[in-house]
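Okay, so here's the structure we're looking at.
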Amino acid sequence: MSALKLRHCMELETLLLSRIQFAANISFHILFPTITIALGWVLLFFKLRYNRTGQERWMEAYSFWVKIFALSFAMGVVSGITMSFQFGTNWPGFMEKVGNIAGPLLAYEIMTAFFLEAVFLGIMLFGFSRVPNWLHTMATFLVAFGTMMSAFWIIVLNSWMHTPQGYEMIDGVAHATDWFAIIFNPSMPYRFAHMVLASFLTVSFLIAGVSAFRWLIGGRTEGVRVALKTAVFAAAMLIPVQILVGDSHGLNTKEYQPAKVAAMEANWETDTAVPLILFAIPDEEARENRFEISIPKLASFILTHNWNGEVKGLDDFVTEDGEVLHPRVLPVFWSFRVMVGTGLLMLLISWTATYMIIRRKRGVEGLPKPMLCALVGMSFSGWLATLAGWYTTEIGRQPWLVQGVMTTKEAVANVPAPLVLSTLIAYLAVYAALLVAYVFVIFYLARKAARGEDIGTRVAPSPAATPKAIPME
């Protein structure tokens, strides 16, 4: 009996450590696609504005931010390769059971997105004065399109794991029966829109924060001015849209993954007129909330659009023999609140900054130093919101790896726990160093540009654009 208990304990340790290791890898990796997905389109916007007006300020903004794109792209590729190896080393059961679906989707991502990015990235980065202007613009578009397609296929696979459709099980292995249903599974449109908007908000606050930093240290060029103003306005417009999309995504989750929603709200019993819990410490052993602060009926209204609507509780996802089929409540409950809280702070900062720019009629000069400092502090707020939302989504799916098809425990490799722990420590050390270096390089480039040491490479003016004097705002 003791030997069986020891083996069971080791299996649990391997499972937990493997989950932590994959979470660490994907948490590090997702930071960089979150930037490149949207930054490619922002660069295209800068380039098109330059082509149309001939104003050097747009090319100045492009020349600085294309460096950040290249850095982020490289970090994303390297970390993505490392993460993909774990399908074989830590989670062989995943590909054994659903590889007929996951494999092609990952291949589509490589064929339609990664190759497109790799081919045209060189032209985008180094072709400023070496190729015709139209070709450089087209390369920028194709790289931006490639990053979006990459996100599309990854979100398709992830969404299918949450709301699987279009398959049949034969001898314990999933086989595709309808690829249209697989790709456009019930949660994919909401998840894709939510992720794309998150990326644009991440980039908006990154550009606003770094541009505000450059402005504060004296780099008050027209390129900084236009980048900061564009980013603030974009954030102010996108955050309300994200809130609406998030609400729709939540309603979709309530329909297909009610256990996740119950964990997000720390709602233990199915009831009507359920309150919205603002603060609590969920106690899973006692199956209750401690130190709860709530608003009556608001959760029912948000989730059902009815003040007295019924919301399922976590107790509905415990079997008669005591098996728990819902996720850990504490991390899901708090990661969701971190995401929402960060989003509300984004709303406050972006709307206040926009009001100051418009109301004072002085452009960026209308932003006082405290607001510029606040924007600098919000530079990486998009990362915080994205990671919190990702944890809500992925931890909220537990104990399932593919909802209703296979559990996480069924997919984990039989690897000794000490081996997983040693590689986990190595990953964390390397990722921490790389993350510090990445942030350092961004602000190093910002300081260098502010000193006028690197104004970027220029392309020849577009034949359709007549160079004009840079107007003062």
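Basis for what follows: all heavy atoms, side chains included, without hydrogens, waters or symmetry-related copies.
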>> With a sphere of 6.0 Å drawn around CD of Glu284, does it hold more than 12 non-hydrogen atoms of other residues, nucleotides or ligands?
In response: yes

> Under a 4.0 Å N-O cut-off, is there an ion pair linking Arg337 with Glu265?
Replying inline: yes

> Would you say the side-chain atoms of Ser159 and Tyr190 include a donor-acceptor pair closer than 3.5 Å?
Replying inline: no

>> Is it the case that the side chain of Ser379 and the backbone of Val376 share a donor-acceptor pair, with hydrogens and angles ignored and the cut-off at 3.5 Å?
In response: yes

>> Taking the side chain as everything from C-beta on, heavy atoms only, tell me whether Phe141 gets closer than 4.5 Å to Phe120.
In response: no

> What do you reckon, is NZ of Lys97 surrounded by more than 12 foreign heavy atoms closer than 6.0 Å?
Replying inline: yes

>> Quick check: closest heavy atoms across Leu375 and Ala212, and the distance to 0.1 Å?
In response: CB-CB, 4.0 Å

>> Between Val173 and His175, is there a side-chain heavy-atom distance shorter than 4.5 Å?
In response: yes

>> Is it the case that the ring center of Phe291 lies less than 6.0 angstrom away from the ring center of Phe279?
In response: no

> Are any non-hydrogen side-chain atoms of Phe200 and Leu197 less than 4.5 angstrom apart?
Replying inline: no

>> Taking the side chain as everything from C-beta on, heavy atoms only, tell me whether Trp383 gets closer than 4.5 Å to Ile35.
In response: yes

> Does any pair with a residue in residues 237-254 pass side-chain hydrogen bond (donor to acceptor under 3.5 Å, both in side chains), and if so which ones, sequence neighbours excluded?
Replying inline: His194-Gln242

> Strictly by modelled atom types, are Tyr431 and Ser27 linked by a side-chain donor-acceptor pair under 3.5 Å?
Replying inline: no

>> Under a 3.5 Å cutoff, is there a donor and acceptor pairing between the side chains of Glu394 and His162?
In response: yes

>> Restricting to side-chain hydrogen bond (donor to acceptor under 3.5 Å, both in side chains), what partner residues turn up for Thr342, sequence neighbours left out?
In response: none

>> Measuring only between side-chain heavy atoms, which start at C-beta, is Tyr427 closer than 4.5 Å to Phe28?
In response: no

>> Could you tell me if the side chain of Leu31 sits less than 4.5 Å from the side chain of Thr202, heavy atoms only?
In response: no

>> Under the rule for side-chain contact (heavy atoms from CB on, under 4.5 Å), what residues qualify as partners of Val78, not counting sequence neighbours?
In response: none

> Is there side-chain contact between Leu387 and Ile30, with heavy atoms separated by less than 4.5 Å?
Replying inline: yes

>> Are the side chains of Trp91 and Val412 in contact, using a 4.5 Å heavy-atom criterion?
In response: yes

